[in-house]
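In what follows, a single structure is set out as structure tokens and then discussed.
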Amino acid sequence: MAKPEEFASTLQVEDALGIERLEAGAGMARYLVKSLTEYSRCQTLAITTAVDLALVRAASTSINHETEEMNGTVEYNVSYFKTPRGESIVTANVSGRGAHIAVVEVSISDTNQTVFGIGRGTYSVIAKKKI
């Protein structure tokens, strides 16, 4: 059986957009978005996709997969301060967790650790239905 952090794999999309998961677990996830010089118009799409992946992955690592399941996005907001250059690092951390909700904050930085975007995602968590 796959580990919970491997559920809903998006590896084909990640590969196509130059996204690499660096780590995930214990309420956090970190992704690298490679510099896409050949497909430079896809850079923003790749970063936005990595942000979404990191937010959901971090939230999913904070739930008990035997008794709970993710139930959808409640809110998602990302603000970019400037246009990224080169590789990007996307880091998401669960900042709050209630009985039915997980709040995750994300920062997006370049390889010099200069933050060029921040955001937050809020996710619904429900009890698994007994079969």
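Start at 1 with the first residue, then count along the sequence. The analysis underlying the following values was restricted to heavy atoms, covering all of them including side chains, and did not include hydrogens, waters or symmetry mates.
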Problem - Residue pair Tyr123 / Ser60, side-chain heavy-atom distance below 4.5 Å - result: no
Exercise for the section: Determine whether Asn93 and Met28 make a side-chain contact, defined as any pair of heavy atoms from C-beta on separated by less than 4.5 Å. Expected result: yes
Can you see which heavy atom on [X] is nearest to which on [Y], and at what distance?
{"X": "Ile19", "Y": "Ala46", "result": "CD1-O, 3.4 Å"}
{"X": "Arg57", "Y": "Ala24", "result": "CG-CB, 3.6 Å"}
{"X": "Ala58", "Y": "Val104", "result": "CB-CG1, 3.9 Å"}
{"X": "Arg97", "Y": "Ser62", "result": "NH1-O, 3.0 Å"}
{"X": "Glu68", "Y": "Lys128", "result": "O-CE, 3.6 Å"}
{"X": "Glu14", "Y": "Leu53", "result": "CG-CD1, 3.6 Å"}

Practice task
For the pair Asn112 (side chain) and Thr114 (backbone), establish whether a donor and an acceptor sit closer than 3.5 Å, ignoring hydrogens and angles.
Solution key: no
Practice task
Mark yes or no for whether Thr61, through its side chain, and Gly27, through its backbone, hold a donor-acceptor pair below 3.5 Å.
Solution key: yes
Handout entry: Pairing of Arg30 and Glu23 as salt bridge, 4.0 angstrom limit
Key = yes
Contacts of [X] that satisfy side-chain contact (heavy atoms from CB on, under 4.5 Å) - sequence neighbours left out:
{"X": "Leu32", "answer": "Glu20, Leu22, Lys34, Glu87, Ile89"}
{"X": "Ser95", "answer": "Val103, Glu105"}
{"X": "Val78", "answer": "Val51, Tyr76, Tyr80, Ile108"}

Handout entry: Other residues, nucleotides, ligands: >12 heavy atoms within 6.0 Å of Gln113 CD
Key = no
Handout entry: Spacing of Glu69 atom CD and Ile126 atom CD1 [to the nearest 0.5 Å]
Key = 4.5 Å
